[in-house]
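Because only heavy atoms are used, hydrogens play no part in the values below, and waters and symmetry mates are left out as well, while side chains stay in. Position 1 is the first residue of the sequence, and the numbers go up from there.
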Amino acid sequence: MQNTPAKPYAPSCEENKEVILKVLSPLFANKHSVLEIGSGTGQHAVYFAQQMPHLQWQTSDLPENHDGIRLWIKDSGLQNVAEPIELNVSARQWPNCQYDAIFTANSFHIMSQKNVSDLFAHIAQQLKPQGLLVVYGPFNFKGEFTSPSNQQFDAFLKNRDPKSGIKDFEWLNELATEAGLMFKQDFAMPQNNRILCWQKL
């Protein structure tokens, strides 16, 4: 008898899913398709797809995370969340699809600056006109940390990977502007996180 593999589980996804949903629900009310970059365990995808059944939620990640995402999707029984596609933000070619919105959570601070730059270089091609880019996580403003805990978290990240770390909003907004996106809104979130939203012009 084969053992059924356990679904991966991230406590942070369970803790922040409801507060993120409160922001996403009005933003995505008139949207139909969403690409999630860096679906991780798959927990967010399943929860948001369940709570917003009008959306077709496309998961994506590096191949090593696909099995776990598939387990969450399979157990959910949902028809509006799609199995993960392979997506490396720094790959030359991205999937040839367009979406009404792109969402990513807790990813920018793990990425290098090159990864983030590459993401913005591709993002406009993936968004339909008036499409939204919505990013959740910690951010700096004018080069300053928003809390001592974020400064400690940044040091932890850089100790693990010197290329990672919390990114500056102003730099991100420059990249977005160059990509043809306009900054739309900044939402304060618990535990010194934010949700930043840009819209394709």
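In this structure the side chain of His109 reaches within 4.5 angstrom of the side chain of Phe153, judged on heavy atoms. Looking only at side-chain heavy atoms (C-beta outward), Ser117 and Leu175 come within less than 4.5 Å of each other. In this structure, Cys97 and Gln58 have side chains that are not in contact, with every pair of non-hydrogen atoms separated by 4.5 Å or more. Looking at heavy atoms from C-beta onward, Trp198 lies in side-chain contact with Val135 at the 4.5 angstrom threshold. For the pair Leu119/Trp94, a side-chain contact is recorded, criterion being any heavy-atom separation below 4.5 Å from C-beta on. Residues His66 and Glu83 fail the side-chain proximity criterion, which asks for heavy atoms closer than 4.5 Å. Taking the side chain as every heavy atom from C-beta outward, Trp72 and Pro8 approach each other to under 4.5 Å. Here the side chains of Leu27 and Phe103 are not in contact, with every heavy-atom distance at 4.5 Å or above.
The two atoms that bring Asn140 and Glu170 nearest to each other are O-OE1, 4.2 Å, heavy atoms only. Val81 and Ala45 get closest at one heavy-atom pair: CG2-CB, 4.1 Å. Nearest heavy-atom pair across Ala6 and Leu71 is O-CD1, 3.8 Å. In terms of heavy atoms, Gln79 sits closest to Gln56 at O-OE1, 3.9 Å. Val19 and Met189 make their closest contact through O-CE, 3.4 Å (heavy atoms, listed as atom of the first residue, atom of the second, distance). The two residues Lys128 and Ser33 come nearest to each other via the heavy atoms NZ-OG, 4.2 Å.
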Dump the intermediate steps for side chain to side chain contact (heavy atoms under 4.5 Å, CB included) on Asp100 and Val34, then the final yes or no. CA-CA 6 Å; Asp100 296 318; Val34 177; over 6 Å; no
Kindly determine whether Gln43 and Lys17 satisfy side chain to side chain contact (heavy atoms under 4.5 Å, CB included), including the steps that lead there. CA-CA 9 Å; Gln43 288 166 255; Lys17 65 183 185 181; over 6 Å; no
Take Lys163 and Gln113 through the side chain to side chain contact (heavy atoms under 4.5 Å, CB included) test and state the conclusion after the steps. CA-CA 7 Å; Lys163 293 182 179 180; Gln113 285 196 320; over 6 Å; no
Stepwise side chain to side chain contact (heavy atoms under 4.5 Å, CB included) test for Arg194 and Phe169: CA-CA 10 Å; Arg194 323 285 298 189; Phe169 163 75; over 6 Å; no
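Residue-environment remark: CD (Gln51) exceeds the threshold of 12 foreign heavy atoms within 6.0 Å. Shown here is Lys158, whose NZ atom has more than 12 heavy atoms of other residues, nucleotides or ligands within 6.0 Å. In this structure, Glu64 places its CD atom where more than 12 heavy-atom neighbours from other residues, nucleotides or ligands lie under 6.0 Å away.
Considering CG of Leu181 and CG of Leu201, their distance stands at 7.0 Å, rounded to 0.5 Å. Note that the NE2 atom of His122 and the CZ atom of Arg92 stand 9.5 Å from one another [nearest 0.5 Å]. In this structure, the separation between OG on Ser147 and CG on Asn193 is 9.0 Å, given to the nearest 0.5 Å. Rounded to the nearest 0.5 angstrom, Ile69 CD1 and Lys74 NZ are separated by 16.0 Å. How far CD of Gln126 is from CG of Leu35: 7.0 Å, rounded to the nearest 0.5 Å. Residue Asn65 holds its CG atom at 9.0 Å from OG1 of Thr41, rounded to the nearest 0.5 Å.
Taking the six-membered ring for Trp, Phe48 and Phe28 have ring centres at least 6.0 Å apart.
When atom types are taken as modelled, the side chain of Gln199 and the backbone of Gln130 share a donor-acceptor pair closer than 3.5 angstrom. Without hydrogens or angle criteria, Ser90 side chain to Asp118 main chain gives no donor-acceptor distance under 3.5 Å. Counting only distance, with no hydrogens or angles, the side chain of Lys200 and the backbone of Leu127 share a donor-acceptor pair below 3.5 Å. Ser39 contributes no side-chain N or O that, together with a main-chain N or O of Gly42, makes up a donor-acceptor pair within less than 3.5 Å. Using a distance-only test at 3.5 Å, with no hydrogens or angles considered, a donor-acceptor pair links the side chain of Asn115 to the main chain of Ser112.
In the hydrophobic cluster analysis, where Ile, Leu, Val, Met, Phe, Trp and Tyr join through side-chain heavy atoms closer than 4.5 angstrom, Val116 is grouped together with Phe183. Put simply, Leu55 and Val46 are part of the same group of oily side chains (I, L, V, M, F, W, Y) that touch within less than 4.5 Å, one to the next. Hydrophobic clustering (side-chain heavy atoms under 4.5 Å, transitive across Ile, Leu, Val, Met, Phe, Trp, Tyr) groups Phe156 together with Phe145. Hydrophobic clustering (ILVMFWY, side-chain heavy atoms < 4.5 Å, transitive): Leu133 and Ile20 are in distinct clusters. If you chain together hydrophobic residues whose side chains sit under 4.5 Å apart, Leu87 and Ile102 fall into the same group.
For the 3.5 Å distance criterion, the side chains of Ser149 and Asn192 qualify, holding a donor opposite an acceptor. Donor-acceptor pairing under 3.5 Å is recorded for the side chains of His44 and Asn16.
Residue Ile37 is tested with Thr59, Asp61, Val89 for a side-chain contact (heavy atoms from CB on, under 4.5 Å); the sole match is Val89. The only option from Phe139, Phe187, Phe108, Tyr136 that meets the side-chain contact (heavy atoms from CB on, under 4.5 Å) definition with Leu196 turns out to be Phe139.
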